[in-house]
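Worth saying up front: this structure is predicted, and the values here are computed from it rather than measured.
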Amino acid sequence: MTEELKETFTGALPPGPPAPAGGTPGAPSAPGTPADPSAHVAPGTPARPGTPVGPAAPAPAPVGAAPDPLAAKVRALAPSMTRSMQRVAEAVAADPAGCAALTVTGLADRTGTSEATVVRTARALGYPGYRDLRLALAGLAAQRTSGRPPAVTSDITVDDPVEAVVAKLARDEQQTLADTAAALDTAQLAAAVTALADARRIDVYGIGASGLVAQDLAQKLLRIGLVAHAHSDPHVAVTGAVQLRTGDVAVAITHSGATADVIEPLRVAFERGATTVAVTGRPDGPVAQYADHLLTTSTARETELRPAAMSSRTSQLLVVDCLFTCVTQRTYATAAPALSASYEALAHRRTPRQRTHPR
């Protein structure tokens with residue numbers, strides 16, 4: 001088992017570079033990541049007592065991003081925009097070449113909005129102003145192939161045959177995973193991985209469908225020898241958060257970014273000095289103010305037959321797998337024997353018992 005694990009993690013994942021003096025051995029820093037991972041604090045985040053708050057590190061370009069990262073960003077941020085801003089965002093995502101040729105007034109006229117709305121939308125999408133958005137649109141237009149097939153709606157109706165349901169769900173899952181990969185800040189992911197790999201104790205919070213994802217992360221970390229607990233009961237979560245301190249990690253999983261039963265224990269953990277991580281589809285939500293590291297997920301568009309609780313789980317599980325795989329890579333010397341031991345301990349449960357047949 002150990003040799004199989006070694007092939008998996010040393011063959012598929014390159015070893016991280018050595019840490020700087022005084023750092024954690026084998027814990028690499030992603031480009032643009034400050035030496036102190038806690039230096040990145042979401043806008044409006046209350047400062048910890050005695051903790052210096054530095055400027056947020058610029059988000060690096062996505063590695064291996066989906067072909068259309070702008071469209072992914074629009075889908076992720078649209079729920080937090082006004083309807084007029086959504087019209088602008090949808091226009092630039094649908095026709096980057098055409099919009100790149102327009103002035104701010106021209107785009108406002110095309111979308112039936114105002115110049116101020118266009119500028120606000122550009123800033124919401126991560127650009128300092130409209131000029132920067134136009135340059136990005138021109139670059140995106142150059143990357144797009146002229147023969148790109150038109151988008152196909154994935155709405156599922158009560159009359160759809162089984163084959164259509166399977167095809168539409170598969171298309172939605174693929175788009176959700178691609179959007180999440182495109183929007184995921186790898187510098188924030190690397191910082192969260194370093195914190196988890198060095199943690200004395202890890203608490204994971206999630207309610208409902210996100211609670212299932214929290215359990216998945218906790219049991220994965222347990223299998224590589226880390227002390228991890230998943231909490232879906234808000235009272236137990238807060239009780240546990242009170243015991244956290246510097247050197248511990250708290251992870252909140254909430255698609256909406258506004259689930260009070262998840263935010264409350266994260267706030268307590270934050271105030272106790274633990275490193276906090278939020279996995280959320282709404283990076284502008286209330287959960288962000290108590291998160292040292294934000295990992296943004298994306299979801300397929302919510303429909304009547306597929307609520308957000310279903311579609312969000314796909315992207316959350318991708319982030320969980322990224323965290324687990326990278327933590328295992330960083331802690332391979334201890335993780336591999338732990339995985340092997342857990343595999344062997346459970347092996348007898350996978351062996352079918354011999355049935356006794358009556359004579």
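In summary, the side chains of R83 and Q86 do present a donor paired with an acceptor at a separation below 3.5 Å, with no hydrogens or angles considered. With hydrogens and angles left out, the side-chain atoms of R223 and S342 include a donor and acceptor closer than 3.5 Å. Side-chain polar atoms of T113 and S84 form no donor-acceptor pair below 3.5 angstrom. For E115 and T105, the side-chain atoms include at least one donor-acceptor pair closer than 3.5 Å. A donor-acceptor contact under 3.5 angstrom links the side chains of R120 and T117, judged on distance only.
Contact between P96 and A93 at its shortest, heavy atoms only, is CD-O, 3.8 Å. Contact detail for A218 and A228: the closest heavy-atom pair is O-CB, 3.8 Å. Looking at every heavy atom in both residues, G257 comes nearest to I263 through O-CD1, 3.7 Å. Annotation for A214 and G206: closest pair CB-N, 4.0 Å, computed over non-hydrogen atoms. Closest non-hydrogen pair, M85 versus A124, comes out as CE-CB, 3.8 Å. Nearest heavy-atom pair, P234 versus S232, reported as atom, atom and distance to 0.1 Å: CD-O, 3.5 Å.
Note on I253: it does not cluster hydrophobically with V268, by side-chain heavy-atom contacts below 4.5 Å among ILVMFWY residues. A continuous path of ILVMFWY side-chain contacts below 4.5 Å connects L317 to F324, so both sit in one hydrophobic cluster. L77 is connected to Y127 through a chain of hydrophobic side-chain contacts under 4.5 Å among Ile, Leu, Val, Met, Phe, Trp and Tyr, so both are in one cluster.
Using a 4.5 Å cut-off on side-chain heavy atoms (C-beta onward), L189 and D185 make no contact. With a 4.5 Å cut-off on side-chain heavy atoms, M81 and L125 count as touching. You'll find the side chain of L226 reaches within 4.5 Å of the side chain of V327, heavy atoms only. A heavy-atom distance below 4.5 Å is not found between the side chains of T239 and H231. Residues T121 and T111 are not in side-chain contact: their nearest non-hydrogen atoms beyond the backbone lie 4.5 Å or more apart.
Using a 4.0 Å cut-off between charged side-chain N and carboxylate O, D95 and R110 make a salt bridge. By the 4.0 Å N-to-carboxylate-O rule, R201 lies close enough to D203 to be salt-bridged with it. Checked for salt-bridge contact, D248 and R272 miss the test: no charged N lies under 4.0 Å from a carboxylate O. Ion pairing between a basic and an acidic side chain is recognised when a charged N comes within 4.0 Å of a carboxylate O; D172 and K168 show no such pairing.
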>> With side chain to side chain contact (heavy atoms under 4.5 Å, CB included) as the criterion, how do K220 and V320 come out once you've worked through the C-alpha distance, each side chain's angles and the decisive distance to 0.1 Å?
In response: CA-CA 9 Å; K220 279 181 165 70; V320 162; 4.1 Å; yes
>> As a quick check of understanding, evaluate side chain to side chain contact (heavy atoms under 4.5 Å, CB included) for R330 and V193, giving each step before the final call.
In response: CA-CA 8 Å; R330 304 289 193 276; V193 166; 3.7 Å; yes
> Between L294 and V279, does a side chain to side chain contact (heavy atoms under 4.5 Å, CB included) hold up when you go through it step by step?
Replying inline: CA-CA 6 Å; L294 273 173; V279 179; over 6 Å; no
> What do the steps show when you test Y130 against L107 for side chain to side chain contact (heavy atoms under 4.5 Å, CB included), and what is the final call?
Replying inline: CA-CA 10 Å; Y130 181 62; L107 183 55; 3.6 Å; yes
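With rounding to the nearest 0.5 angstrom, the CZ atom of R134 is 7.5 Å from the CG atom of L102. Separation of atoms CD (Q316) and OG1 (T176) is listed at 11.0 Å; rounding is to 0.5 Å. Here CD of E173 is found 9.0 Å from OG of S315. Values are rounded to the nearest 0.5 Å. Distance check: L177 CG to L318 CG gives 5.5 Å after rounding to the nearest 0.5 Å. The OG1 atom of T297 sits 13.0 Å away from atom CZ of R313, with the distance rounded to the nearest 0.5 Å. The SG atom of C99 sits 6.5 Å away from the CG atom of L137 when rounded to the nearest 0.5 Å.
In this view, R245 satisfies the side chain to side chain donor-acceptor pair (under 3.5 Å) rule with no residue, not counting sequence neighbours. Looking at residues two or more places apart in sequence or on another chain, you find no salt bridge (Lys or Arg N to Asp or Glu O under 4.0 Å) involving R123. Residues passing the salt bridge (Lys or Arg N to Asp or Glu O under 4.0 Å) test with D261: none are found, sequence neighbours excluded.
Residue V249 forms a side chain to side chain contact (heavy atoms under 4.5 Å, CB included) with just one option from D292, L221, V277, T276, and that option is V277. Between V251 and the options L196, L295, L266, a side chain to side chain contact (heavy atoms under 4.5 Å, CB included) holds for only L196. No option in L133, V88, V104 other than V104 meets the side chain to side chain contact (heavy atoms under 4.5 Å, CB included) test with V119.
Without hydrogens or angle criteria, T331 side chain to A197 main chain gives no donor-acceptor distance under 3.5 Å. A donor-acceptor contact shorter than 3.5 Å links the side chain of T103 to the backbone of G106.
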